[in-house]
Amino acid sequence: MGRSAPKRTGAPGANPRIHHAFHDHLRALLGDEAEALEHALSTPSPVSIRVNVAKWSGPQADPIPWCATGRYLGERPSFTFDPLLHAGCYYVQEASSMLLEQAMKASGPWGQDIRALDLCAAPGGKTTHLRSLLSPGSLLVANEIDRKRQGVLQENLFKWGASNTVVSGSSPHELQELPDFFDLILVDAPCSGEGMFRKEPFAREQWSPALVQQCATTQRAALDHAWHSLRPGGTLIYSTCTWEEAENEAQIAHLMEQGATCIGIPVDPSWGVVAAGRQGTVGLRCYPHLVNGEGFFIAALRKEGDRTIPSAPRTFPNERSHEAVHWLRPDRSWNTIDRGEVIFAVTQDRSADIRELSKALRVLSPGIPLAERKGNDLRPHPALALSVDLQHNTFPIVELDRTAALNYLRGLAIPATDARGTALACFDGIALGWLHGAGNRWNNRWPVPWRIRAQQPSAPLVSWAHTSNKRA
Ligand code: SAM
């Protein structure tokens, strides 16, 4: 089996020992090949990013063959000290999980305006990918049950900047109220994490046969609820970062007992991805000794029924749209949802869907956070600066060089001569956030939880730092 352009970089951390039963599990799964896999787990991980082409064209770097916007980097740079990361121009993501793109291509609703759900979404790697793969008119609900992880999910999605994206914080059982609702559901399930053993020492520490069983139970419940909420003819994509059959093929086989059919996901043999047919299922497995990425499993399933294009979204005009909608691109029709401290903007043709969702799920963010109320003031929301739907010429632009941009991202004020009103801070022409004029300085409106805290980069700067901003 081939593998593509192996380039392994970065220092392996001090890895804790793995539970002895893991080795038996691997041997039962792979026989003599288990040794090669165990060896690969002691080598450094490849470093990769996925580019947000709605904002940035990306660096000159080796492509990831199964993902049009994926790039391998030659080394692990200091991403934190790159303003483009904070501007949502790319997401640091391991390569195997970008196979989502191939699953999406195989699944059917490619290019149509659909309703999609990412049930286990934080921190947002696959949600941002899914968002880039879906048509702009599609609605994407990013759900995360864990309260502690919901903040980072919102941050990453705000930075990615796409509209028609809802963030919710529900348990999968709340999907009971949304039968046959979604055309596409991604369940990137919590799992025993074997595929992350070389990247995350904690994954090694926590592994046990009991954890595998516990994860299998959680996965079964999440899948049953997701299946109920998938419309007939719709597609469910299931993925994990483990090799355990109980967490992978056994879950797929359970859905097949309920009438699901597996969809083949085409792969090129040179990628090193294994098309696996265990337990009568069809899915893809990634092993680090064969593929240039981490351990991963992915399968796509179709629910029996009508495969016609989903009904057109219902337009829901709202005559009380807030005046702040003029901060958004005028070529789309917007409604506003006033939640007191924050006013959100949603496209008119998805407003009815969002109403329905809000009755069933704990919606944290129904759309683009447009404005926030501070006393009697109405200010543009930090997420609006990062939205691809921001109408840029509404606000004066202050272009920052690299040093000033990093100071801005640390929360510092920017020296000025005659700073007044609200301005948009940009780096390399890409919007970062808001500035508030105070005469001899611009006050900083970058959100406190998003600030850079480190003083110095602990690794080389990203390679494009030396080419992207000549003024730095
Ligand atoms: N899709 C994410 C990405 O690509 O960035 C990673 C998701 S992670 C593998 C699984 C997520 O499921 C975690 O964020 C976890 O909090 C969430 N989770 C934990 N228990 C869950 C449950 N019972 N039902 C649904 N999701 C759960």
Side-chain angles (χ1 to χ4, degrees), residues 48-50 52 64 67 69-70 85 88 90-101 103-104 116-134 140-160 165 167-176 178 182 184-197 199-200 202-203 206-207 211-229 236-244 247-248 251 286 293-299 360-362 364:
S48 49
I49 62 168
R50 193 170 32 72
N52 184 357
I64 296 175
C67 174
T69 53
L85 175 76
Y90 62 95
Y91 192 97
V92 182
Q93 188 180 29
E94 78 80 23
S96 301
S97 51
M98 299 182 200
L99 276 167
L100 173 63
E101 188 154 319
M104 274 291 288
L117 166 69
D118 182 354
L119 183 59
C120 314
K126 291 184 197 64
T127 320
T128 51
H129 195 180
L130 200 51
R131 186 63 270 181
S132 299
L133 295 170
L134 291 168
L140 175 58
V141 180
N143 182 75
E144 172 55 46
I145 189 175
D146 184 337
R147 278 174 192 250
K148 292 196 280 302
R149 293 167 67 88
Q150 290 162 358
V152 72
L153 175 64
Q154 292 204 74
E155 175 183 338
N156 284 330
L157 288 174
F158 291 164
K159 288 178 174 174
W160 206 250
T165 308
V167 183
S168 63
S170 289
S171 163
H173 75 78
E174 290 166 73
L175 291 173
Q176 282 304 115
L178 292 168
F182 293 101
L184 176 79
I185 300 183
L186 168 64
V187 181
D188 183 39
C191 71
S192 57
E194 295 169 2
M196 290 294 144
F197 275 6
K199 263 188 92 189
E200 293 172 13
F202 177 68
Q206 66 160 10
W207 191 95
L211 178 67
V212 173
Q213 284 320 310
Q214 188 192 323
C215 290
T217 306
T218 306
Q219 291 153 356
R220 170 75 61 97
L223 281 171
D224 282 343
H225 293 302
W227 196 248
H228 169 79
S229 199
L236 186 144
I237 297 176
Y238 179 69
S239 60
T240 69
C241 56
T242 194
W243 299 298
E244 294 293 333
E247 299 183 62
N248 295 329
Q251 304 294 339
C286 293
E294 304 302 333
F296 190 58
F297 171 84
I298 190 162
L361 303 182
R362 199 175 147 250
L364 306 171

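Counting starts at 1 for both ligands and their atoms, in listed order.
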So, does E144 use its side chain to make a donor-acceptor pair with the main chain of P123 at under 3.5 Å?
-> no
N or O pair under 3.5 Å between P172 and ligand 1 | no
Record the part of Q93 in heavy-atom contact with ligand 1 below 4.0 Å; permitted values are side chain, backbone, both and neither.
-> neither
Matching residue for I145 among S170, C120, P172 - test: side chain to side chain contact (heavy atoms under 4.5 Å, CB included) = P172
Could you tell me whether Y91 and ligand 1 have an N or O pair separated by under 3.5 Å?
-> no
Keeping to residues at least two apart or across chains, list the salt bridge (charged side-chain N to carboxylate O under 4.0 Å, His left out) pairs with something in residues 121-133.
-> K126-D188
Numbering as shown, the atoms of ligand 1 that approach D146 to under 4.0 Å (heavy-atom distance) | 16 (O)
Is S239 in contact with ligand 1, taking contact as a heavy-atom separation below 4.0 Å?
-> no
Contact partition for C241 relative to ligand 1, non-hydrogen atoms under 4.0 Å = neither
Does an N or O anywhere in K126 fall below 3.5 Å from an N or O of ligand 1?
-> yes
Can you sort out which atoms of ligand 1 are near T218, meaning under 4.0 Å from one of its heavy atoms?
-> 22 (C), 23 (N)
Ligand 1 N/O within reach of L119 N/O, cut-off under 3.5 Å | no
Could an N or O of ligand 1 be found under 3.5 Å from any N or O of I145, whether backbone or side chain?
-> no
Do any N or O atoms from the side chain of E294 and from the backbone of S96 form a donor-acceptor pair under 3.5 angstrom?
-> no
With atoms numbered from 1 as shown, which atoms in ligand 1 lie under 4.0 angstrom from a non-hydrogen atom of G125?
-> 3 (C), 4 (O), 5 (O)
Within the 4.0 Å heavy-atom cut-off, what A221 brings close to ligand 1 is neither
With a 4.0 Å cut-off on heavy atoms, is A121 touching ligand 1?
-> yes
The option among C191, A122, A189 carrying the non-hydrogen atom nearest to atom 9 (C) of ligand 1 is A189
Checking side chain to side chain contact (heavy atoms under 4.5 Å, CB included) against F297, which of L99, T242, T240 comes through?
-> T240
heavy-atom search around atom 16 (O) of ligand 1 in the protein gives E144 OE2, 2.6 Å
Checking heavy-atom distances from atom 26 (N) of ligand 1 to each of S97, C120, A142, the winner is C120
Ligand 1 to P190, heavy atom cutoff 4.0 Å, flagged ligand atoms 10 (C), 12 (O), 18 (N), 19 (C), 20 (N), 21 (C), 27 (C)
Answer yes or no: is there a donor N or O on one side and an acceptor on the other, between the side chain of Y91 and the main chain of G125, under 3.5 Å?
-> yes
Report the C-alpha distance between I237 and L130 in whole Å, list the side-chain angles of each, state the deciding distance to 0.1 Å, and finish with yes or no for side-chain contact (heavy atoms from CB on, under 4.5 Å).
-> CA-CA 11 Å; I237 297 176; L130 200 51; 5.7 Å; no
Going by distance only, is there an N or O of D118 that falls short of 3.5 Å from an N or O of ligand 1?
-> no
4.5 Å side-chain heavy-atom contact, I185 and S229 | yes
